[in-house]
Amino acid sequence: MKETNFGEAALMQAYQYSPARGAMGMGAMPFFSMRKLRLVYNELAESSNFEFTNFEDFKHQVLSSVVPQLELNKWQAIASRR
């Protein structure tokens, strides 16, 4: 089974080439797994006091953050403590 790790177009735009970053940023895309996002959401949704009622709201919150991978890591840490 092959998984796409790019996320959405909004995520890709955050890492596009800019002259300030130089050639190193060209074509570089950080790893981001939508499957991991879904797993974290499912784990958090089991608790009664989770603030997001559906996956789409949670996904939008994570992907619209400045660094989506760090936002996902934050939620994963919260899920592991529950």
| Intermediate values then yes/no, side chain to side chain contact (heavy atoms under 4.5 Å, CB included), N73 and K36 | CA-CA 10 Å; N73 290 347; K36 183 177 178 182; 3.9 Å; yes
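- Atom NZ of residue K59 and atom OG of residue S64 lie 11.5 Å apart, to the nearest 0.5 angstrom.
- Hydrophobic clustering (ILVMFWY, side-chain heavy atoms < 4.5 Å, transitive): F58 and L39 are in distinct clusters.
- Put simply, the side chain of Y41 does not reach to within 4.5 Å of the side chain of W75, judged on heavy atoms.
- One distance of note links CG of L63 with CD of E56; it measures 9.5 Å at 0.5 Å rounding.
- Considering every non-hydrogen atom in both D57 and N54, the closest pair reads N-OD1, 2.9 Å.
- Between S65 and E71, the shortest heavy-atom contact is OG-CB, 3.4 Å.
- Looking at heavy atoms from C-beta onward, L37 lies in side-chain contact with F55 at the 4.5 angstrom threshold.
- Here CD of Q76 is found 12.0 Å from CG of L70. Values are rounded to the nearest 0.5 Å.
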